[in-house]
Amino acid sequence: MSLALSGIGVSRGIAIGRAHVLLRGSIEVLESVLPEHLIENEVERFLQAVHNARLQLESLRERIPPGTRADIAAFIETHRLMLDDATLVKTPVELIRERGCNAEWALKLQRDAVVEVFDRMDDPYLRTRRDEVDHVINRILRILLDTVGNDPHSDADTLDQAIILADNLSPAETVLLDHQGINGFATAYGGPLSHTAILARSMQIPAIVGAHSLQQYIRDGETVILDGVQGVLIAGPDAATLKHYRERQQQEQQRRLDLGRLADTPAVTLDAIPITLMANIELPEDIQVVSKASAGGVGLYRTEFLFMNRFEPPGEEEQYEVYMSVIEALGGRPLTIRTLDMGADKHIGGGSTHGCNNPALGLRAIRLCLKDLSLFRPQLRAILRASAHGPVRMMIPMLSNTHELHQALSLVNESRNALQRESHAFAPDLPIGGMIEVPAAALSAADFARHLDFLSIGTNDLIQYTLAIDRVDDEVTYLYDPLHPAVLKLIRMTIDAGRAAGIPVAMCGEMAGDPRYTRLLLGMGLREFSMHHTALQEVKNVINRSTIATLEPLVSELLDNTEPGRIPGRVDSLNQDLH
Ligand code: PEP
Ligand code: MG
């Protein structure tokens with residue numbers, strides 16, 4: 001019998017495949033006391049499990065597709081090397097012999113001891129080692145307990161074309177899973193604006209979040225259909241249902257092909273106003289699809305993904321090389337490099353946030369960079385050096401007061417001076433912009449505009465912070481509303497402030513890539529949109545059928561009479577002739 005579960009579709013497309021249930025967290029282990037004559041057997045059983053874990057990791061490493069970032073392989077290799085470490089192997093053997101306990105219990109005792117040491121560390125990168133220890137220990141435990149491979153680092157064979165079902169996925173894990181060829185994923189929790197959902201859209205993996213009871217009802221290995229448009233997950237589908245969804249899959253492919261034909265058409269309104277359409281990227285390799293989609297450049301490069309799934313932050317040289325490769329691939333089109341926006345749902349290394357109750361309001365983005373100059377300085381230097389080789393722009397995220405901006409600008413100057421002394425080339429007039437994503441910044445956009453070369457509105461965070469809704473919490477997703485009068489006022493203030501200061505204003509949040517809002521934003525005066533590459537042609541299609549001279553008075557009237565209940569209907573009527 002088939003079963004349907006609903007959630008929130010966050011990345012369109014239909015995936016059909018085998019369910020792979022990710023069970024994580026700590027694995028329940030009980031202590032047993034062994035008779036003397038079984039102790040050496042237990043040691044042997046433990047060593048065999050370690051050996052099997054090593055084989056799994058070697059097989060995983062060998063199956064990494066060519067072209068995958070080198071540090072992904074390094075990450076897996078580090079897990080393998082951990083299995084050679086006396087802390088994880090020798091000590092549990094001693095514990096089995098000393099206490100006469102089972103291997104699982106000895107491993108658990110050792111895990112607790114190691115984790116306690118890591119938890120006392122201040123350095124965020126070192127702390128992520130704690131999560132790595134957990135991954136490796138859980139791998140051995142699963143082998144001991146004879147359960148199937150259950151984490152994103154498990155054998156690639158088991159994940160190729162699988163549909164992942166998990167309680168939640170971090171952005172770092174999503175990157176690793178994508179490299180293992182999954183067809184789609186569904187999570188029990190998470191919101192449509194989480195970076196995990198944003199990644200799914202950019203990687204074109206169909207995805208659902210907020211399907212609460214999925215792990216309770218769907219078994220590992222079952223055939224499932226994931227409908228990322230309707231947010232439906234169907235387990236054990238019958239032949240008719242499968243046929244229906246295969247047809248829908250083909251229609252979706254056709255839709256993509258049709259839109260792809262617009263790639264070489266410029267984005268110009270009917271009254272001949274050119275609009276700049278840029279792409280958002282997370283990983284340097286995204287640039288290939290962006291080039292195919294003919295974006296005008298990159299309006300947001302989320303550099304924090306370079307800092308995930310690894311144990312050390314990338315140094316200046318590595319970052320410089322990566323930025324250079326993106327500049328080269330863009331062939332003269334602008335690249336907007338956002339400085340590190342780590343924190344909230346994106347964690348250094350890929351682990352979890354430890355000891356922070358409210359990470360979205362905590363030490364995130366520019367706040368973290370200003371606190372930890374060992375992270376910030378190498379990045380500023382790498383961006384400046386890269387600016388000598390192409391049209392680079394630097395963009396600072398999550399500014400909430402001009403003091404932060406002045407501090408950041410003075411660090412940029414300091415780096416410029418140092419690079420000059422060291423005879424490194426850089427563009428002296430590198431444009432520096434700020435993201436407007438905190439209500440306080442939107443309200444003081446005019447102050448920011450005085451000191452910056454451009455502004456970019458990050459609506460994902462602007463909406464999160466204005467409406468007080470955690471973007472990763474599906475329980476409050478219903479409150480997400482880009483058309484809330486307060487949000488529209490803040491967007492309008494920012495666009496007006498940029499115009500008054502004579503600097504460009506872009507939008508790079510998900511709202512920019514939603515064709516339902518394109519005309520509204522054009523009418524508000526927005527001329528630069530940056531979005532995940534899959535949305536580019538749809539938005540262009542709307543732009544090319546719009547007349548700004550007609551939209552402006554309509555939108556102005558709409559904004560001046562913001563009776564909340566009427567806004568969605570009035571925005572719909574702007575789009576009427578499109579349907
Ligand atoms: C935003 O907040 O809208 C944005 C573009 O940044 P991010 O989604 O990476 O937080
Ligand atoms: Mg943001």
Side-chain angles (χ1 to χ4, degrees), residues 10-11 170-172 174-175 190-203 209 277-283 286 295 298-308 336-348 353 359-369 393-400 404 433-442 445 448 454-473 477 480-482 484 487-488 490-491 494-495 505-514 517 521 526 528-533 535 539:
V10 294
S11 178
S170 71
T174 310
V175 173
L193 294 179
S194 66
H195 286 92
T196 297
I198 289 174
L199 264 179
R201 291 192 278 278
S202 144
M203 292 163 166
V209 299
L277 287 190
M278 311 276 267
N280 294 350
I281 62 167
E282 282 79 39
L283 302 167
D286 294 344
V298 169
L300 165 64
Y301 174 14
R302 292 183 163 102
T303 56
E304 49 278 8
F305 284 86
L306 207 56
F307 291 65
M308 293 179 194
T336 313
I337 305 179
R338 175 170 78 181
T339 58
L340 185 65
D341 179 9
M342 207 48 101
D345 61 339
K346 289 173 293 194
H347 312 295
I348 274 183
T353 308
L361 301 180
L363 203 56
R364 182 188 164 185
I366 188 63
R367 302 172 181 184
L368 174 70
C369 287
R393 310 194 291 184
M394 182 189 292
M395 182 158 83
I396 305 167
M398 218 195 156
L399 290 162
S400 56
E404 284 168 337
M435 287 191 72
I436 301 296
E437 42 187 359
V438 175
F448 284 101
F454 66 96
L455 301 177
S456 187
I457 308 172
T459 49
N460 307 337
D461 280 313
L462 188 61
I463 296 171
Q464 151 165 270
Y465 295 126
T466 305
L467 304 183
I469 46 168
D470 188 340
R471 57 195 269 198
V472 298
D473 185 350
T477 294
Y480 170 75
D481 181 11
H484 190 294
V487 173
L488 294 181
L490 294 174
I491 294 175
T494 308
I495 296 174
V505 178
M507 179 179 284
C508 60
E510 296 295 285
M511 189 179 179
D514 190 329
Y517 308 129
L521 295 170
L526 193 75
E528 183 176 325
F529 297 64
S530 190
M531 63 201 74
H532 53 98
H533 65 94
V539 169

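When reading the values below, keep in mind they use all heavy atoms of this one structure, side chains included, and skip hydrogens, waters and symmetry mates. All ligand and atom numbering here is 1-based and tracks the order in the structure.
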* **Any donor-acceptor N/O pair, Tyr465 side chain to Leu361 backbone, under 3.5 Å** => no

* **Asp470 side chain vs Ala360 backbone, donor-acceptor pair below 3.5 Å** => no

* For ligand 1, indicate whether the residue Leu193 contacts it via side chain, backbone, both or neither (heavy-atom separation under 4.0 Å). => neither

* To do: Without swapping roles, check the side chain of Ser400 against the backbone of Val438 for a donor-acceptor pair under 3.5 Å.
  => no

* Asked: Is a donor on one side and an acceptor on the other found under 3.5 Å between the side chain of Asp514 and the backbone of Met511?
  -> no

* Please confirm whether Arg338 comes under 4.0 Å of ligand 1, counting heavy atoms of the residue only. => yes

* Asked: Are any of the N/O atoms in Glu510 less than 3.5 Å from those in ligand 1?
  -> no

* For the Mg ion (ligand 2), find the closest N/O/S atom belonging to Glu437 and write down its atom name. => OE1

* Asked: Of all the heavy atoms in His195, does at least one lie under 4.0 Å from an atom in ligand 1?
  -> yes

* Asked: Which ligand 1 atoms are under 4.0 Å away from a heavy-atom of Glu437?
  -> 1 (C), 2 (O), 4 (C), 6 (O)

* Metal site the Mg ion (ligand 2): N/O/S of Asp341 inside 2.8 Å -> no

* Asked: Is a side-chain N or O of Ser456 found less than 3.5 angstrom from the main chain of Met435, in a donor-acceptor match?
  -> no

* So does Arg471 pair up with Asp461, basic N to acidic O under 4.0 Å? -> yes

* Structure fact -> ligand 1 to Met435, heavy atom cutoff 4.0 Å, flagged ligand atoms 4 (C), 5 (C), 6 (O)

* Please identify which atoms of ligand 1 are closer than 4.0 Å to at least one heavy atom of Arg471. => 2 (O), 7 (P), 8 (O), 10 (O)

* Asked: Nearest to the Mg ion (ligand 2), which N, O or S atom of Asp461 do we find?
  -> OD2

* **Heteroatom proximity flag, Asp461 to ligand 1, N/O under 3.5 Å** => yes

* Structure fact -> Quick note on ligand 1: atoms under 4.0 Å from a heavy atom of Cys508 include exactly 5 (C)

* **Side-chain ion pair, Arg364 and Glu437, N-O less than 4.0 Å** => no

* Thr336 side chain vs Leu300 backbone, donor-acceptor pair below 3.5 Å -> no

* Asked: Any idea which atoms of ligand 1 are less than 4.0 Å away from a heavy-atom of Asp341?
  -> 10 (O)

* Asked: With distance as the sole test, does Ser202 use its side chain to make a donor-acceptor pair with the main-chain N or O of Ile198 at under 3.5 Å?
  -> no

* In this structure, which one of Asp345, Asp341, Asn460 forms a side-chain hydrogen bond (donor to acceptor under 3.5 Å, both in side chains) with His195? -> Asp345

* Contact between Gln464 and ligand 1, counting heavy atoms under 4.0 Å? -> no

* Using atom types as modelled and distance alone, determine if a side-chain donor or acceptor of Arg367 lies under 3.5 Å from a backbone N or O of Glu404. => no

* Atoms of ligand 1, numbered as shown, that sit under 4.0 Å from any heavy atom of Arg302 -> 4 (C), 5 (C), 6 (O), 7 (P), 8 (O), 9 (O)

* Which ligand 1 atoms does Ile198 reach within 4.0 Å, using its non-hydrogen atoms? -> 8 (O)

* **Interfacing atoms of ligand 1 (cut-off 4.0 Å, heavy-atom, Arg364)** => 10 (O)

